[in-house]
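Notes follow once the structure below has been shown.
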Number of protein chains: 2
Amino acid sequence: MNNKKVPEPVISRLFVYLRELIELTKMNIRTISSGELGVRTNLSDAQVRKDLGYFGQFGVSGSGYDTNELKVALEEILGKDKTWNVAVVGIGHLGGALLAYPGFKERGLNIVAAFDSSKRKIGKKIKGIIIQSIDEMPKTVTNKKISIGIISVPAKVAQEVADKLISSRVKHILNFAPIALNVPEKIKLKNVDLSRELETLSYFLANKK
Amino acid sequence: MNNKKVPEPVISRLFVYLRELIELTKMNIRTISSGELGVRTNLSDAQVRKDLGYFGQFGVSGSGYDTNELKVALEEILGKDKTWNVAVVGIGHLGGALLAYPGFKERGLNIVAAFDSSKRKIGKKIKGIIIQSIDEMPKTVTNKKISIGIISVPAKVAQEVADKLISSRVKHILNFAPIALNVPEKIKLKNVDLSRELETLSYFLANKK
DNA sequence: CAGAGTTTGTGCTATTTTTCACAAAGTATA
DNA sequence: TATACTTTGTGAAAAATAGCACAAACTCTG
Ligand SMILES: NC(=O)c1ccc[n+]([C@@H]2O[C@H](COP(=O)([O-])OP(=O)(O)OC[C@H]3O[C@@H](n4cnc5c(N)ncnc54)[C@H](O)[C@@H]3O)[C@@H](O)[C@H]2O)c1
Ligand SMILES: NC(=O)c1ccc[n+]([C@@H]2O[C@H](COP(=O)([O-])OP(=O)(O)OC[C@H]3O[C@@H](n4cnc5c(N)ncnc54)[C@H](O)[C@@H]3O)[C@@H](O)[C@H]2O)c1
């Protein structure tokens, strides 16, 4: 165990290990080596060990990691014993897909509120959640203890939606709009830029050797 | 201009610069400094200049970059003069959202085919595209010159879908299923793991200082 | 056109992240 | 219990990425 701050890529990979460990325990596989875990996650054995090394010593020389023990340890480290409430803003194609996805809840991320500006949509119920007007955001965020906001509105209104989320006291934001948002230091902002991912692939087509 | 290989994060950012330059030219802003471009994209001025430096010298000391000139140069570098054909496999919530998104076409990424395994869906038409059976993939990929495949099927069938795409001669893959896929070296694979993005945010909630 | 002010391009430095590589600690076998 | 494996944990090296800082190049102003 060391005390250095943990790089974000490490955190991100821990979720991948955890996901795999959940599968392994379901399959009743009791131990796994860093090498095998690496194969299953497309990462190197050294990477697996180094990542875990940020949080302690979980393995046994010669045999590897106890899958259940490591799973429990990672759940603890990653806060998987807790659940978090999430709001989605912009219930269009993407927002609707997010609302419909059961995988978030399975991972302790409960979408408990949905907001949109369209008169046609407000009041409609999707997957048990009533779409609300933006005006109700501050009240709802407080009442429902929402800590994460997802932005899936068009780019040109994304900044104002971000500001509204922040003034409503959401802690962190996941943004799908293809635009750079400005948020205060303390707010953790993650961007998912789908066009950019696809475009990057197209670059390799255009510049193939 | 230097000859070193271009890091992928650089490529990715060039698309962000380009997007901004398109806005700037629309707004009839003729020149922009690296500093200002950095502010607009949440990047440092040095980063902007370094990134551009991989491809040449585009700026003018004392005044900055000609927006239109740089836009044209980036379009050339990034292959934006060409268009690419894309197939989506798995027309569920997410696949449907991707099909409906007009932004891809605007960026030269044409979704020209959709595949699903569900009898209920095959034959149905979404946004002008008829959903086909997986069996038709090899023929369609060839006929429609599809070079990128998007995987939006459940994780447990994602590998077989990837294999099918590859044997159908798709060049690169964008994968939304939360699982590590194995693909040949020459295939560029990008993963978008939405749960992981959200979970990473929840980590910072669980471990806030 | 001289002097003040801007901004680029880039070598160098710093930081972050990954990989290497091996002693130490365990397991398995007989 | 000895011997041959296997696998961990981790410093130290390497690679990848980002940031600094400044001479050189250009603009602007009076
Ligand atoms: N759908 C995709 O596959 C895709 C791909 C890449 C990027 N994106 C990005 O994701 C975002 C959402 O995409 P989408 O396809 O779901 O768009 P969409 O048009 O289907 O949905 C946008 C929704 O936001 C709502 N909205 C508009 N202004 C609002 C406001 N001020 N407050 C609250 N709600 C508001 C609209 O009523 C609509 O329901 C966009 O920024 C888009 O660029 C989407
Ligand atoms: N929707 C989300 O917000 C979200 C979030 C995170 C991750 N994901 C991931 O994205 C993927 C798609 O999610 P979704 O919500 O669209 O799921 P979905 O269930 O709505 O759609 C999946 C589609 O794939 C089709 N399918 C199943 N097996 C197939 C096969 N062998 N060949 C072709 N098509 C097949 C199904 O018929 C269905 O239409 C999943 O891997 C999911 O884990 C989705």
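In the text below, chain A, chain B and the rest are named by the order of the sequence lines, each starting its count at 1.
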Distance, rounded to the nearest Å, where Tyr54(B) contributes OH and dT8(C) contributes P:
18 Å
For Ser61(A) and Lys50(A), find the nucleotide of DNA chain D closest to each by heavy atoms; which residue's nucleotide sits nearer the 5' end?
Ser61(A)
Nearest-Å distance, CZ (Phe58(B)) to C1' (dA25(D))?
18 Å
Find the distance Phe55(A):CZ to dT8(D):P and express it as a whole number of Å.
18 Å
Is any side-chain nitrogen or oxygen of Tyr65(A) closer than 4.0 Å to OP1 or OP2 of dT6(D)?
no
Would you kindly say whether Thr140(B) and Gln132(B) are connected by a side-chain donor-acceptor distance under 3.5 Å?
yes
Is there a donor-acceptor pair closer than 3.5 Å between any side-chain N or O of His172(B) and the backbone N or O of Ile187(B)?
no
Between Leu14(A) (CG) and dT17(C) (P), how many Å, whole number?
14 Å
Could you tell me the separation between the CG atom of Leu70(B) and the P atom of dT8(C), rounded to a whole number of Å?
11 Å
Step by step, work out the salt bridge (charged side-chain N to carboxylate O under 4.0 Å, His left out) result for Glu160(A) and Lys164(A).
CA-CA 6 Å; Glu160(A) 72 186 52; Lys164(A) 188 79 186 181; over 6 Å; no
Among dG19(D), dT8(D), dT10(D), which nucleotide sits nearest the side chain of Ser44(B)?
dG19(D)
Most 5' of Asp51(A) and Gly35(B) on DNA chain C, judged by nearest nucleotide
Gly35(B)
So, is Ser34(B) close to the dT8(C) phosphate, meaning a side-chain N or O under 4.0 Å from OP1 or OP2?
yes
Would you say dC20(D) has OP1 or OP2 under 4.0 Å from some side-chain N or O of Gln47(B)?
no
Any Arg49(A) side-chain N or O less than 4.0 Å from OP1/OP2 of dG9(D)
no
What is the distance, to the nearest angstrom, from the CG atom on Asn42(A) to the P atom on dT18(C)?
14 Å
Any sub-3.5 Å donor-acceptor pair from Ser152(A)'s side-chain atoms to Val89(A)'s backbone N or O?
yes
Run the side-chain hydrogen bond (donor to acceptor under 3.5 Å, both in side chains) test on Ser12(B) and Arg196(A) for me, step by step, so that the C-alpha distance in whole Å, both residues' side-chain angles and the decisive distance to 0.1 Å come before the verdict.
CA-CA 7 Å; Ser12(B) 187; Arg196(A) 193 141 64 105; 2.7 Å; yes
Using whole Å, what does the distance between atom P of nucleotide dG9(D) and atom CG of Leu37(A) come to?
12 Å
Compare the minimum distances between each of dT17(D), dT17(C), dC26(D) and the side chain of Val60(B), then state the nucleotide with the smallest one.
dC26(D)
Distance test, side-chain N/O of Arg13(B) to OP1/OP2 of dA18(D), below 4.0 Å
yes
Measure the distance from CG on Asp45(B) to C1' on dA18(D) and round it to the nearest whole Å.
12 Å
